[in-house]
Every structure is written in C-alpha cells, then in structure tokens.
Student: 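Handing you this structure, nothing more for now.
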Amino acid sequence: MTETSRRRGLDEQGYIEREGAHARVPHAFRSVVASARERLLDVFGTRLHSAYVYGSIPRGTARVGRSDLDLLLALRAEPTDPDREDARALGEALDREFPQIDGVGTLLFSQARLLSEAETYDLGWFVACLCTPLLGEDLAGHLPRYRPDSPLARETNGDLALLLPRWRERIAAAERGADPEAARCPLVRFMSRHLVRTGFTLVMPRWNGWTSDLTEMAAAFSTYYPGRAAQLRAAAVLGYEPTGDRAVLASYVDDLGPWLAEEYARVHGVKAPRPD
C-alpha cells in the first residue's frame with residue numbers, strides 16, 4: 001500500500017484529521033454561516049455552550065441550491081422541546097432567506113452527553129473530527145484523538161440492525177401518503193448515505209484512512225467486498241442524486257441492509273446501547 005493511500009484523511013501520526021474549516025466554506029455560503037452564527041447567539045443565549053457546522057459546506061463541496069446547512073448545538077443542559085422548537089424555527093427562517101441552501105438540519109445534545117464516556121467513539125468523535133467550531137469553546141479540546149480502528153467503527157455504525165425496523169416503518173408511512181414517490185425520495189437519499197457510510201466504516205480499519213466522499217467510500221468498500229460493490233456504488237450515486245424508486249428502498253431493507261448489519265456485527269461487534 002502506498003504512503004499516500006495509507007495516510008488518506010490522516011495526519012502524520014495516523015490520527016483522523018478534522019475535515020472541515022472556515023477557510024473552505026465556498027463564497028456563496030459564507031453569508032449563510034455568518035447569519036447562522038449571529039442568530040444562534042440571539043436565539044439560545046446562555047443555553048448554548050458551543051455550536052458547530054458540519055457536512056459539505058465546511059468541507060468546501062457544497063452545491064448552490066442543492067446542499068443543506070448542517071448544524072450541531074452543544075447545550076449546557078439536556079435539550080428540551082422548546083429548544084428543539086427554537087432550532088426548527090431558526091432553520092426554517094434561514095432556509096427561507098438563503099436560496100443557496102436546501103434546508104437546515106440541526107442536531108441538539110447536551111455538553112455532558114457529547115463528552116460522556118459512552119459517546120467518546122460516536123458523538124465525541126463526530127464533534128472532534130467532522131464538526132467545524134462556530135461558537136463557544138471547542139469541545140474537541142476535551143476529547144481524545146482518533147484512529148480509523150475497529151472500536152471507532154463499532155461505535156459509529158454498529159447499530160444498523162436496530163435501525164432497519166424503523167426504516168421499514170418510515171417506508172410504510174411514505175407509501176400511505178398523498179404522494180408516495182415524492183415521500184420516498186428523501187428516504188432514498190438518507191438511507192443510501194447511511195448504508196454507504198456503514199459499508200465504508202466496515203472496511204475503514206483495513207483501508208486505514210478517512211473520507212466523507214460517498215464515491216470514495218464506496219470505492220474503498222468495493223476493494224474488500226467485490227460481490228457487493230455494485231450495490232454500494234449505486235447507493236453512493238443515489239446519495240447525491242436520489243429518486244423515489246420503491247424497489248431501491250425494498251432492496252435496502254430486505255437485502256443490502258440485513259447483510260451489512262450481519263457482516264458488521266461479525267467483524268466489529270455491535271454498538272453499545274444508548275439512552276435513546
């Protein structure tokens with residue numbers, strides 16, 4: 001294996017590098033990020049310990065009119081229903097004002113949970129490696145450095161078997177709606193991305209690197225599981241350009257998903273239980 005591939009997404013010591021930065025935010029999205037920073041302070045005030053932006057915008061790969069704004073808020077106490085309502089209202093206001101984004105997704109957690117031992121290799125890793133600080137004290141300073149190893153793989157995506165029944169319920173609910181095809185489209189996008197990321201973290205310790213690019217993730221997986229390569233490569237495409245195809249969702253919950261959950265448990269074990 002070459003030196004370049006061995007260190008993809010890693011620093012010189014083999015730790016996963018933080019992937020986003022304010023300098024990478026495309027010019028078209030800088031006003032969105034600046035407005036989010038200002039309004040978060042206005043809305044949450046002293047409830048907010050720190051805030052982060054993650055996803056394609058801080059990675060520099062966002063597409064105007066296609067990408068959403070992804071935020072993570074660390075609150076000083078456990079999130080309440082009013083906290084979630086405030087985050088929802090703020091997201092809707094930003095989405096209305098800035099046509100360059102296609103929606104706002106906001107995750108809310110308490111500072112204590114993000115720094116808890118149970119979340120060290122899941123939410124803690126997410127903050128330290130995938131989130132770019134926006135406001136407040138960066139929690140990454142209280143978290144360890146991370147390698148692309150089996151404990152990280154297990155605790156990030158080792159719960160697929162638990163998720164599949166919920167996915168089937170969401171698919172059934174979409175079928176009962178007034179426009180099933182339109183309702184299926186976001187499910188295809190979400191589930192495609194989740195399966196590709198799970199397939200990638202399955203092989204991540206052997207690949208010995210990190211990437212958030214779905215195409216690269218599927219390519220890494222394909223090296224070790226050629227028999228499933230076509231499925232994951234197709235899922236990577238749908239993660240960027242989803243359709244409302246019923247057959248795709250059926251294949252995810254009846255074939256690819258169950259196989260991936262079983263193989264994941266065999267290789268890395270099952271994610272430790274969480275409160276929610």
Side-chain angles (χ1 to χ4, degrees), residues 54-56 66-73 79-81 83-92 95 101-109 113 119 122-123 126 130 153-202 212 214 217-218 221 228 230-265 268 270-276:
Y54 67 96
S56 61
R66 303 294 297 276
S67 297
D68 54 1
L69 174 66
D70 295 309
L71 301 170
L72 182 145
L73 309 185
T80 63
D81 287 340
D83 291 329
R84 297 183 183 93
E85 177 58 27
D86 285 345
R88 184 195 63 77
L90 175 58
E92 290 181 352
D95 189 33
I101 58 173
D102 182 21
V104 178
T106 305
L107 302 176
L108 287 84
F109 300 100
R113 179 171 177 182
E119 296 292 355
D122 190 7
L123 291 175
F126 184 79
L130 304 190
R154 181 183 65 249
E155 294 305 312
T156 51
N157 288 302
D159 58 349
L160 183 57
L162 295 176
L163 297 178
L164 289 173
R166 303 178 201 173
W167 287 13
R168 294 186 181 98
E169 292 174 1
R170 294 179 65 181
I171 294 169
E175 294 300 324
R176 294 193 294 269
D179 189 348
E181 184 172 3
R184 287 192 296 263
C185 195
L187 294 182
V188 168
R189 181 180 186 272
F190 167 76
M191 294 178 191
S192 296
R193 290 179 170 229
H194 194 104
L195 290 174
V196 172
R197 288 165 180 157
T198 303
F200 170 70
T201 50
L202 170 63
S212 283
L214 297 179
M217 285 182 164
F221 170 88
R228 293 279 180 170
Q231 286 177 290
L232 218 71
R233 289 182 187 275
V237 172
L238 291 170
Y240 290 121
E241 300 291 343
T243 68
D245 191 341
R246 180 188 294 109
V248 168
L249 293 173
S251 72
Y252 286 172
V253 296
D254 295 335
D255 178 35
L256 180 58
W259 173 83
L260 189 52
E262 182 177 354
E263 181 66 3
Y264 213 99
H268 298 300
V270 178
K271 182 175 182 175
R274 298 293 193 273
D276 55 358

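One-based numbering along the sequence shown. Hydrogens, waters and symmetry mates are skipped; everything else that's a heavy atom, side chains included, is used.
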Student: Any donor-acceptor pair under 3.5 Å linking the side chain of Arg246 with the backbone of Gly244?
Tutor: no

Student: Nearest heavy-atom pair of Arg193 and Gly239: which atoms, and what distance?
Tutor: NE-O, 2.7 Å

Student: Who pairs with Glu181 by side-chain hydrogen bond (donor to acceptor under 3.5 Å, both in side chains), at least two apart in sequence or on another chain?
Tutor: none

Student: I need the minimum non-hydrogen distance between Glu155 and Val270, along with the two atoms involved.
Tutor: OE2-O, 4.4 Å

Student: When rounded to the nearest 0.5 angstrom, what distance separates CG in Asp83 from CZ in Phe109?
Tutor: 13.0 Å

Student: Mind listing the closest non-hydrogen atom pair of Gly257 and Leu164 along with its distance?
Tutor: C-CD1, 3.7 Å

Student: Measure the spacing between CZ of Arg228 and CG of Leu202 and express it to the nearest 0.5 Å.
Tutor: 11.5 Å

Student: Check whether any side-chain N or O of Arg233 sits under 3.5 Å from a backbone N or O of Ala218 as a donor-acceptor pair, and report yes or no.
Tutor: no

Student: I'd like to know if the side chain of Asp95 and the backbone of Glu92 have a donor-acceptor N/O pair within less than 3.5 Å.
Tutor: no

Student: For Asn157 and Phe200, run side chain to side chain contact (heavy atoms under 4.5 Å, CB included): C-alpha distance rounded to whole Å, both residues' side-chain angles, the deciding distance at 0.1 Å, then the answer.
Tutor: CA-CA 10 Å; Asn157 288 302; Phe200 170 70; over 6 Å; no

Student: Between Ser192 (side chain only) and Arg189 (backbone N and O only), is there a donor and an acceptor less than 3.5 Å apart?
Tutor: no

Student: Has Glu175 got more than 12 heavy atoms of other residues, nucleotides or ligands less than 6.0 Å from its CD?
Tutor: yes

Student: Could you grab the distance from atom CZ of Phe221 to atom CD of Gln231, nearest 0.5 Å is fine?
Tutor: 8.0 Å

Student: Over all heavy atoms of both residues, which pair between Gly91 and Val104 is shortest? Give the atoms and the distance, please.
Tutor: O-CG2, 3.4 Å

Student: Who are the salt bridge (charged side-chain N to carboxylate O under 4.0 Å, His left out) partners of Glu85, not counting sequence neighbours?
Tutor: Arg88

Student: Just by modelled atom types, is the Ala174 backbone N or O under 3.5 Å from a matching donor or acceptor in the Arg184 side chain?
Tutor: no

Student: Please give me the minimum heavy-atom distance between Leu108 and Ala87, naming the atom from each residue.
Tutor: CD1-CB, 3.7 Å

Student: Enter the distance from Leu160:CG to Lys271:NZ here, rounded to the nearest 0.5 Å.
Tutor: 11.0 Å

Student: Checking side chain to side chain contact (heavy atoms under 4.5 Å, CB included) for the pair Leu238/Met191: CA distance, chi angles, key distance, verdict?
Tutor: CA-CA 9 Å; Leu238 291 170; Met191 294 178 191; over 6 Å; no

Student: A side-chain contact here means heavy atoms from C-beta on lying under 4.5 Å apart; do His194 and Leu163 qualify?
Tutor: yes

Student: Taking only residues two or more places apart in sequence or in another chain, which ones pass ring pair (Phe, Tyr, Trp, His ring centres under 6.0 Å) with Tyr252?
Tutor: none

Student: Nearest 0.5 Å please: distance from the CH2 atom of Trp167 over to the CG atom of Leu249.
Tutor: 9.5 Å

Student: Between Arg274 and Asp122, is the closest basic N to carboxylate O distance under 4.0 Å?
Tutor: yes

Student: Which atoms form the tightest heavy-atom contact between Leu214 and Arg197, and what is the distance?
Tutor: CD2-NE, 4.3 Å

Student: Any side-chain heavy-atom pair from Leu232 and Leu256 closer than 4.5 angstrom?
Tutor: yes

Student: Rounded to the nearest 0.5 Å, how far does CE of Met217 lie from OG1 of Thr198?
Tutor: 9.0 Å

Student: Answer yes or no: is there a side-chain heavy-atom contact under 4.5 Å between Leu187 and Ile171?
Tutor: yes

